[in-house]
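Because only heavy atoms are used, hydrogens play no part in the values below, and waters and symmetry mates are left out as well, while side chains stay in. Lettering follows sequence order; numbering is per chain, from 1.
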Amino acid sequence: MIPLLQAQAPATSFWSEAFNSSELWTKLIITLIVGLVVMVGLLYAPIRARKPIVAFFTFISGAYWVLLYLWPKPIDRQPGEMPLNTVETVSFWLADSNNVVVSFTQILTGFLLGLGIFSLLKIHLTKISKGHKDAFFSIVLLASMGLMIWFGYADWFDRLGERGAMLDNRDNWGFTQYGRDFLFEGLLQQMDAAMFSVIAFYILSAAYRAFRVRSVEATILLSAALLVLLSLMGAVSFVWDENVKAIANGNPFILNFQLTEVAQWIRNTFQTSSIRGIQFGVGLGALAMGLRLWLSLEKPGSGS
Amino acid sequence: MKGNLGEKLQSLPKPILYLILILATSIPLFFPTEVPNEPVESTKDFYATLMALPEGSKVLLMSDWTGSTRGESKGAFRSIFKILIRRKAKVAIYSAADPQAPRVAQDAINELNMERKRKNLPTFDRWNDWVNIGYFPNAEAAINGIANDLKGAFGGRKDFPPNSPPRDVFQSPVLQGVTKVEDFPLMLVITASKTSNFAVERVSGRTPLAFAVTGVMVPETQVFYQSKQIVGYCGGLKGVYDLEQLMESGVNFPDKATAKIKSDKLGTIEGFPDPDNKGQGTRYYPTLHYALALMIIMIILGNVGMFLAKRGDKS
Amino acid sequence: MMPLSEVYIGEQYRDSGWFGVFMTLLVAAFVLVNIRRARGGKDLYIRRIAGLNAIDEAIGRATEMGKPVLMVPGLSDTINAIAVQAVNIFAYVSRIAARFANPILLCCYNAAVYTYAQETIRDVYQSEGVADRYDPDSVRFVSDRQFAFAAGVSGLILREQTAATFFLGEFYAESLIFAETANSIGAIQVASSTETTQTPFFIAACDYVLIGDEFYAASAYLTRQPVLVGSLVGQDWSKLMIILMIVFGTILNTFEIQGKTTSERTKGVWSQIPERNKKQSDTFMSQLFKPQLEKVKVERPIDPNYVPEAEAAK
Amino acid sequence: MRITAGVIATIGLYSVLWKENKFYRFFEHVFLGLAAGWTMVALWTETLKANWWDKMVGTPAETGAAATNGMFAYALLIPFGLMGYFVFSKKHNWISRIPIGIILGLWSGQQVQVWWNTYGPQIDATLKPILPTTWDSLIVPSTNGLTPEQLSQVQSQIYFSQAVNNFLFTLTVVSVLSYFLFSFEVKSKAVKGINTMGRYLLMIGFGAIFGSTVMMRFTLLIDRMHFIWIEWLRDGVFPMISGR
């Protein structure tokens, strides 16, 4: 597919037809119908066939990446070159289909988003219809959702055409742009920032409540945190370090007691290493779980 | 009475805590002050890497921050672009973390350009100096695609040349002759999310990586910096402040003896004294001290309270 | 030009490149072998994990108070093992909740996760024979923007006055928003983030915290399903292997790095250099971990209908 | 006007710190609504349009950009997407597992692919020499005013202090890792000791993480305050009032 992007008049093949050609549309519609037929067919799948079917699809999709990883990769491949042998034919194909496969996850997730929105609508519409005490807020939610969708798309269409570039400049803005800007920059972005910064309050209260010299662990946690906090206050560490330098007057050993040095030492020696220790475990966990899912070894919802 | 005092100190009502914090973070803003500071190694390396770029080199930049972290990321973004503009770099921008990110980055650059216009400096033009390749959903997969097959990944993406309809990004001067990620002498990542990890997983070893991350990510980024998977990084507000100071006074510059910022590892790297260097870092960093101080005081108070309470119980 | 035979080797296996592949396969083997063992009826030991015993306690408490149990399977961009693992644990939780007819609330950040959770939890209720007690709205999609989600969930926590909250999965900055909000209404909290950088906050604000891959151990620990237990043992073998590799490698490097060298290997080629102290990069281990590929040229026929972009641009 | 709205929204969300109230609830729902709306927009404009539709139907030739062909096979994804919607059917909900299965399969496959890329280099970076290569001085001597040769000489040596740090580093990694061994019954005191030590060392790490994180959180709050007091009140409202 890469050469196709580069060539002036792309060569068509069985899999790719020219833009807006009748062949493309016929094939497209046929594919769609076939797909839907298969889907309907699944409705009649016998119960014991269900597990294998799911397992099959899971395995196939995982197999691509595993193959891409294990199959000999071409050495020193230049654009436009043709494979030397069957091994390379496969590896070329694997490499080229990378971008296609990559997009599957996001496309499917995109299609599924409808379900999420459906759940949202269901909950709030029932609230409204039942006249729940928070019905008003549900209305607010749906209204702001509608507005955002409307302005979002209107603005997007405006930017598609010739005017797109001009709209970078506020002078050429219309009602749509201002509306979108108000909702997006004015509200959404600001609320994002606001909600994020709320954490500052919580972090304070959490530290105030939890950082007590109760157990050995708590004490260690607390003192390490305090040291790093101090080192982050440029002024404090600067003054401290200046004094240390003064005391040390060149003695490299004493120089190690500069606050920045100590903090850096904690970071490099303990923080980095403990994170690494944890991450090794987590990584293995993910890999093992990946294997179990790929080979469908695990019962779904195995909390049973 | 001690006991009571202890109890009080141990359990200050949250609203009061919050009120104090608001005061501590608001008042100092009105009184800008200069704070002495020594940049950390990682930021020095970061600055050195940027300054080592030959003029006019092409840089791939993954901009993964939005309004929610503008406090930190915007400062970093602006400083980095001030340097890149001085290096006359050509920047290809894309995002993998958040659909908003490309817009946010675009607005930030426009803001910079407006300031430059006011000072009658040449602007950093879309399409000619930088292209916005747009947003790639599903960071992990997208970055993998970019690393393995840049042509394919960016293919078909469009951006706006000066007042004309959108065109294929590979037509722009920025991406002329670029076919794979190795064609960029440097990949920058300005991120507030774990997309940096994906960059390390997929891109490290193919082309040098340098990160500008939020404070919360400093620990995990330190890991990559130590294992030399990235050449340098600028972490959190401290990083931004360091960067602004480095821009002002360089490293071992004009010469090691008189330099404001010294380094044994790095050679002489020039700085550009210019009031414009002072940005968010310089504005926020002093205030941060009061907030941190408050935090420390509160922790101490809590513990003192606990001891007093214990003593109170005994007597 | 290199011998054609090498073309078959494949880029990723050249020099010491095979080592990475080998290690990956080894770990996979460990996991699969142990799953076999476990399935073969061998009962394998798992040590006690404090955070997990708390789960039952938390639900019990919620039942006493008759208040809902809130569960959040993290903020994964799309459904992945982390989300699945979280939902699996929640399946266990909601099973108990279902028995005691305790209301549950499962807030999803992502539509795909929502689909999976919806399916799984319904299954749980059906298999418990109380399908009628299941309310599809108890598993809901809140928002897929981080802080909108945070705002929504903490709103829910405060309004529903949840008695027990479970935050398991991928959590980022919002972790503390949830934890503190839940704490402020005195709910029991069991939490875990696969993001190491968030764990300290959970530790500070929550009652029970699963650190690192205790999270992955959870379902095995709770359900003792052979497959899961086996895989857990496999992971442990791999960890042990890494530990040994580190110990062995460290000792090896330590002794190797003493002394000087007059030759070094870069890009797969040995070259003579003036004598210098040995560097880390000279050691056997680092050569093993960092494959150094000699630049080679492979002649291939050019595709006739390929147009170089230089012309395409015209 | 725009900024004012932002400020009000900010205060609205902050009000939850006091207690859950109608004001907060209002903005919470506005927030959720906008977010959902935005997602609906981004779904097409940012995801499906470029990654699915354009690939499926192709794009016409434009100035400089060549036309691209359409690959009809992409249409197959529609039915697979639709299968997810069976989740609400009591009888056929199993079908919704298929798209999920595909996504999970892709994810799992990638894990196999990236595991070593991520952790290989980190394992390598953990293998640090734990014996000094020189005893000239116990700690790294000060490097001021050394010639480049001397400097590189010093840097190529490993001094006692570094060796000790490296040892601590490796020790931490190993002990933390061994703390996460679940399936081995620990009998020997020594191993128990290592595990508890692992836990303590872990706590040092967590403390440090906490410290570094606090900085960011406060920075964001400061940014908000700057937004309210400086951008809005001082540079926005005052000029307006004093203008009249």
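To the nearest 0.5 Å, atom CZ of residue D:R25 and atom CG of residue A:D134 are 4.5 Å apart. Expressed to the nearest 0.5 Å, how far CG of D:L177 lies from OG of A:S274 amounts to 12.0 Å. For the atom pair A:L24 CG and D:N69 CG, the distance stands at 8.5 Å (nearest 0.5 Å). Here the CD1 atom belonging to D:I102 is positioned 10.0 Å from the CZ atom belonging to A:F56, to the nearest 0.5 angstrom.
Between A:L28 and D:M56 the shortest heavy-atom distance is CD1-CG, 3.9 Å. Of all heavy-atom pairs spanning A:E217 and D:Y200, the tightest one is CG-CE2, 3.5 Å. Annotation for A:L120 and D:A36: closest pair CD2-CB, 3.8 Å, computed over non-hydrogen atoms. Here the closest non-hydrogen pair linking A:L42 and D:W94 is O-CZ2, 3.6 Å. What you find for A:L187 and D:A9 is that their closest heavy atoms are CD2-CB, 4.1 Å. Here the closest non-hydrogen pair linking A:Q271 and D:A208 is OE1-CB, 2.9 Å.
For A:F201, the part lying under 4.5 angstrom from a heavy atom of chain D is the side chain only. Only the side chain of D:I100 comes within contact range of chain A, judged by heavy atoms closer than 4.5 Å. For chain D, no part of A:W150 is nearby; none of its heavy atoms comes within less than 4.5 Å. With a 4.5 Å cut-off on non-hydrogen atoms, A:I266 touches chain D through its side chain but not through its backbone. For a residue to count as touching a neighbouring chain, one of its non-hydrogen atoms must lie under 4.5 Å from one of that chain's; by this rule A:L284 touches chain D with backbone and side chain alike.
Under 3.5 Å, the side chains of A:T31 and D:Y74 contain no donor-acceptor pair of N or O atoms.
For A:F211 and D:F210, the distance between ring centers is under 6.0 angstrom. Taking the six-membered ring wherever Trp is involved, the centroid distance between the rings of D:W52 and A:F111 falls below 6.0 Å. Centroid-to-centroid, the aromatic rings of A:F280 and D:F180 stay 6.0 Å apart or farther. Note: D:F88 and A:F118 meet the aromatic proximity criterion, with ring centroids under 6.0 Å apart.
In terms of heavy-atom pairs under 4.5 angstrom with chain D, the leader among A:G283, A:G152, A:S296 is A:G283. For the set A:E17, A:M195, A:R50, the entry with the most heavy-atom pairs within less than 4.5 Å of chain D is A:R50.
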